Every structure is written in structure tokens, then in C-alpha cells.
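Before any comments, here is the structure.
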Number of protein chains: 2
Amino acid sequence: MSNDENIYRQMLKAIVEHQLPPGARLPEDRLSEAFGVSRTGIRKVLHRLALEHFVVVEKNKGAQVNHPSEAEALEVLDSRILIEPQLTPALLQHWSSAQSQRFRTMALEEKRAEKDNQLADAIQLTARFHYELATLAGNQVLARFVEQLCYRSSLILAAYGTRGSVGCECGDHSQFLDILDQGNESEAETWMTHHLKHIKSSLILENKAEENIDFQQLFGR
Amino acid sequence: MSNDENIYRQMLKAIVEHQLPPGARLPEDRLSEAFGVSRTGIRKVLHRLALEHFVVVEKNKGAQVNHPSEAEALEVLDSRILIEPQLTPALLQHWSSAQSQRFRTMALEEKRAEKDNQLADAIQLTARFHYELATLAGNQVLARFVEQLCYRSSLILAAYGTRGSVGCECGDHSQFLDILDQGNESEAETWMTHHLKHIKSSLILENKAEENIDFQQLFGR
DNA sequence: TCTCTATTTAATGTATACAATGTATTGGTT
DNA sequence: AACCAATACATTGTATACATTAAATAGAGA
């Protein structure tokens, strides 16, 4: 793997695993000395992360971990609700006992990580479960987009999730695998829709940014 | 607009309008002298275009305009077929006579550009029609993705389109506006699906790249 | 003491220099 | 004449230096 790619993955990992919280500043020189490369390489990674909405860079003001707006959070989840359930037909076409086995292992690992409070691992595994399903559906273009949406969801949960929750407590992922093993297409689609809507509705969106507080309503007569 | 953004748009424009054909090499020093900036700025734009799949950069070998594979071409169209028709409900919610007016103007311009053989303009307007519809549906995250897919479609048509076609000859875009004006949701969804499937099936996918030619089968006994 | 301004400080933006890599050309050998 | 090897050339990869901009601090005036 190239050095850039390595740095990129380390930083993305730190962001989606909530090691670098939303809003954290990312000074180029500090990062360059941490990774042992010049600012040139860091800037490249930073700009890539910016294009993928994991960080925001303001001109002459540097980069920081993106703090998704409420609107962005809802739109990411809505996008997943629109796409992921629609992938189930193609998913079933590529389904096999070998795949079932693979995903069941993943679901168990995820459950264990959750139980052991291995937050970082649990987050990674939750996202991976979803985007590997998308990959199996066969369309790489869509799968890459879903992958991004899953990671963005991890970031969103860092900002708006209930404490400790990684987003998928509404029912086990292995439930979904049972449905796939039965080959029930419509039920699989329904399950996925409910699953994602549940995550969406679990977001806590009441923490207003200070710039939007309506003082007139708060204190006015 | 920032200088980077300006360069980015000019290059993207040149690519989607088929001024820079698929496979065209993009040497950094030639571009930097053309735009009057150093290689630093060019590299940033090149890498951005690469992440968006408009160019490919190979390590130590530089950048060239992406020549989409057949698989990529089909997947991009399939992605649009999965997403765009699904946007019609939200689209109708935001529909108004003012919007109708705006899109009809666009459709007319597009038709005129096609008739006058203004290939570049026609391509731009065709893509814009689709992604502005997606934008009106209200989900910015999805809309940006659809925008990218539309531009990638333009590039795909450069590689696999019938000569002179910009992809939407199967029926006027104004037809779709008629359906929206009537508020017929299911018909709008159907129309969009057929429209995109028609574009997909119009691609000419038989020109094998030379690296895949089976000489044994061609010349072998 | 507070505020406004000037200066300093620290960060990013951009260009350039050098190193590393890939490609083309030339010359020699079979 | 065709093929291989070695060298020369051209292009990209990376680091660094300088310019530019935003933020922080200190000082003067009210």
C-alpha cells in the first residue's frame, strides 16, 4: 500500500472511530511530524478527506473534523434508506451459504465488540457489515457510495448518537441474515428500511448551534 | 470563485464536453504553464478529478482522462436507474409552475443546441437537466452524487455513445415536464426509468480494448 | 478597566528545487 | 535486421523555502 493511502486510512479510522471528535482541528505541521512526512503529503490526504466530507477545510484557516449539520445527518440517512433496501434483489442473486457464513462471523464479532465495549471495533464492524453487503450486490459504483455513506454515518453518530450506541441496537444484524437465508426478498427489503429508519430516528438533534438560538423567543416578551 | 475551483471547472468542462477525449494524457507541466500556475495547484485539481473518476492517475506515470470500462459504464447507468426514478415523489412535492417554467427553458435550450450541432452545449444541458431535477428533490447528498453520475455519463458517452448522440434522443425532456405538471407520480417514475434504460441500451460496447484481444482465438489453428 | 489598534505570532497557500521513477533513444551484439 | 542493454531524457514524487493570510497579544488612549 502506498504511504499516502496508509496515512489516509489511519486518519479516516481515527475519525470514524471517534478518536478525533467532530470539530477537532487538524494542523498540518503537527500531523506531518506525527506521520514523519512533509506537509505536502498531509495536505493531499486532508483534501481527499474534505472531498469525502470527513473534514472541512476553510481557505487560510485549515482543516478540522467535519461536524455534520442536522440537515446533512438526515440526508445521509435518507440516502441510505433510498439505496440500501433497493439492493436486496441483487444481493439475493449473489447470496450463497459461503457468503452467509462470512457475514455471520462478522455479525458475531460485531456483537462481541459491542458487549465488550470495544467501541472502535464495533463502529468499524457495523459500517463494514452494511457496505460489504452493498459490495456483494455487484455494482461497484453504488457500493463505493454506500461505503462512504456508512462511514459518514459513523461520524454522524459521533455528533448526534446516544452515548455508547453505535447505531444498530434495534435488532441484530444476524436477523437480516436469517431473512436472506430464507430468500425472502420483500421481507429483506422491509427489514433494511426499518433498520435504517430506526437509526435515523435514534439521532438526537436538539443541540442547537449557538449561532441559531432565537434569543427573542427565549427572553423576549 | 477560488483559482483552484476555476481550474477544476475548466478541466471538468473540457472532459465532459469531449474536448479532452478518454485516454488523453494530462502532463502536469504543460497544464501548469497553460493555466499560469505552478504544478502544485494542477496536482491538486488532478487528484480531485481522479477521486471523482474523471481522470486516472498511476503512480509515477501521471494522469490521463479516464477511459471507463464497459463494467463501469453499465454500473453508472444502473446507479442512475436505481436512484433517479425514486426521486420523483420528493420532486413532485417541490414542483411549482415557476420551476416548470425554469426547466422548460432549459429543455428548449437543450433542444436548440442539439439541432444546431452545438455538441458541447447540448452535453452540458442534458447533464444539468438531470442533476438540477435531483437537486430540487431536496436531498443535497444524493443530488451531488447524481450530479457526478450525470457528468460521468457524459464521459461514458464520449467512449461508448453513438456518434453525435448526447444520450437523450429517445424522447424529449419536455415530455417529462408535462408529466410532472400533471402531477402523475407513477408515470413520472416510469418515464425516468425508461429514459435511463434507453440511454444505457444505446451504448455501443463491442469495441474491445486491444489488451484483451484473444490472438489465439483470432489466428490460432 | 475597557476597547480599539498595531504588532507579533502562527498557521496555511504557493512556488521551486531536488530526488526517484518511467520512457525513449542509441549503440552494440547476435 | 532484430533484439537487448545501457544511457539519456522527460515526467512525476516529495521536501523545503517563501509569501500570504488569519489569529493572538500587547500597548495606547479614552
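Numbered from 1 within each chain, the chains take letters A, B, ... in sequence-line order. Quantities reported herein were computed from a predicted structural model and do not represent experimental measurements. FYI, side chains are in, hydrogens and waters are out, and symmetry mates aren't considered; it's all heavy atoms of this structure.
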remark   = Closest non-hydrogen atoms of B/Leu77 and B/Ser153, given as atom of the first, atom of the second and distance, are CD2-OG, 4.4 Å

task = Only pairs at least two apart or in different chains count here, so list each ring-ring contact (aromatic ring centres under 6.0 Å, His included) that has a residue in residues 136-155 of chain B.
result = A/Phe145-B/Phe145, B/Tyr131-B/Tyr151

inquiry  = Taking CD in A/Gln101 as the centre, count heavy atoms belonging to other residues, nucleotides or ligands within less than 6.0 Å. Is the count above 12?
reply    = no

key: Near-strand residues of residues 50-65 of chain A, defined as heavy-atom separation under 4.0 angstrom from DNA chain C   = A/Lys59, A/Asn60, A/Gly62

message = At a heavy-atom distance below 4.0 Å, what parts of residues 36-43 of chain A sit against DNA chain C?
response =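 Hits under 4.0 Å, by residue number: A/Arg39, A/Arg43.
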
Using atom [atom1] of [X] as one end and atom [atom2] of [N] as the other, report the distance to the nearest whole Å.
| X | N | atom1 | atom2 | answer |
| --- | --- | --- | --- | --- |
| A/Glu33 | C/dT12 | CD | P | 12 Å |
| A/Leu26 | C/dA11 | CG | C1' | 13 Å |
| A/Lys44 | C/dT12 | NZ | C1' | 19 Å |

message = Looking at B/Lys197, is its backbone amide N or carbonyl O close enough to the side chain of B/Ser201 to form a donor-acceptor pair, meaning the two atoms are under 3.5 Å apart?
response =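 Present.
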
ask   = With no hydrogens and no angle check, is any side-chain donor or acceptor of A/His18 less than 3.5 Å from a backbone partner on A/Ser154?
value = yes

ask   = Pick from A/Leu12, A/Val65, A/Leu155: which one makes a side-chain contact (heavy atoms from CB on, under 4.5 Å) with A/Leu20?
value =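 Answer after filtering A/Leu12, A/Val65, A/Leu155: A/Val65.
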
Sole residue of A/Ile83, A/Leu149, A/Asp78 in side-chain contact (heavy atoms from CB on, under 4.5 Å) with B/Leu142 =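 Exactly one option meets the side-chain contact (heavy atoms from CB on, under 4.5 Å) with B/Leu142, and it is A/Ile83.
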
Derivation of the salt bridge (Lys or Arg N to Asp or Glu O under 4.0 Å) call for B/Arg102 and B/Glu132 = CA-CA 10 Å; B/Arg102 191 165 70 90; B/Glu132 294 231 7; 2.7 Å; yes

query = Between A/Asp4 and B/Arg30, which is nearer to the 5' end of DNA chain D once each is assigned its nearest nucleotide?
reply = B/Arg30

message = So, using side-chain hydrogen bond (donor to acceptor under 3.5 Å, both in side chains) as the criterion, who are the partners of A/Asn139 when residues are at least two apart?
response =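 Once residues adjacent in sequence are excluded, the partners of A/Asn139 under the side-chain hydrogen bond (donor to acceptor under 3.5 Å, both in side chains) criterion are B/Ser79.
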
task = With a 4.0 angstrom cut-off to heavy atoms of chain B, pull out the first and last contacting nucleotide of DNA chain D, in 5'-to-3' order.
result = D/dT11 to D/dT14

ask   = Is it true that A/Glu72 and A/Arg152 make a salt bridge, defined as a side-chain N closer than 4.0 Å to a carboxylate O?
value =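 Salt bridge: yes.
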
Under-4.0 Å salt bridge between B/Glu5 and B/Arg48 = yes

key: Worked verdict on B/Asn6 versus B/Phe35 for side chain to side chain contact (heavy atoms under 4.5 Å, CB included)   = CA-CA 10 Å; B/Asn6 184 29; B/Phe35 283 107; over 6 Å; no

ask   = How are the rings of B/His130 and B/His173 set to each other: parallel, tilted or perpendicular (split at 30° and 60°)?
value =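 It falls in the perpendicular class, over 60°.
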
query = Considering the terminal five base pairs at each end of the helix from C/dT1-D/dA30 to C/dT30-D/dA1, what angle separates the two local helix axes, rounded to 10°?
reply = 0°

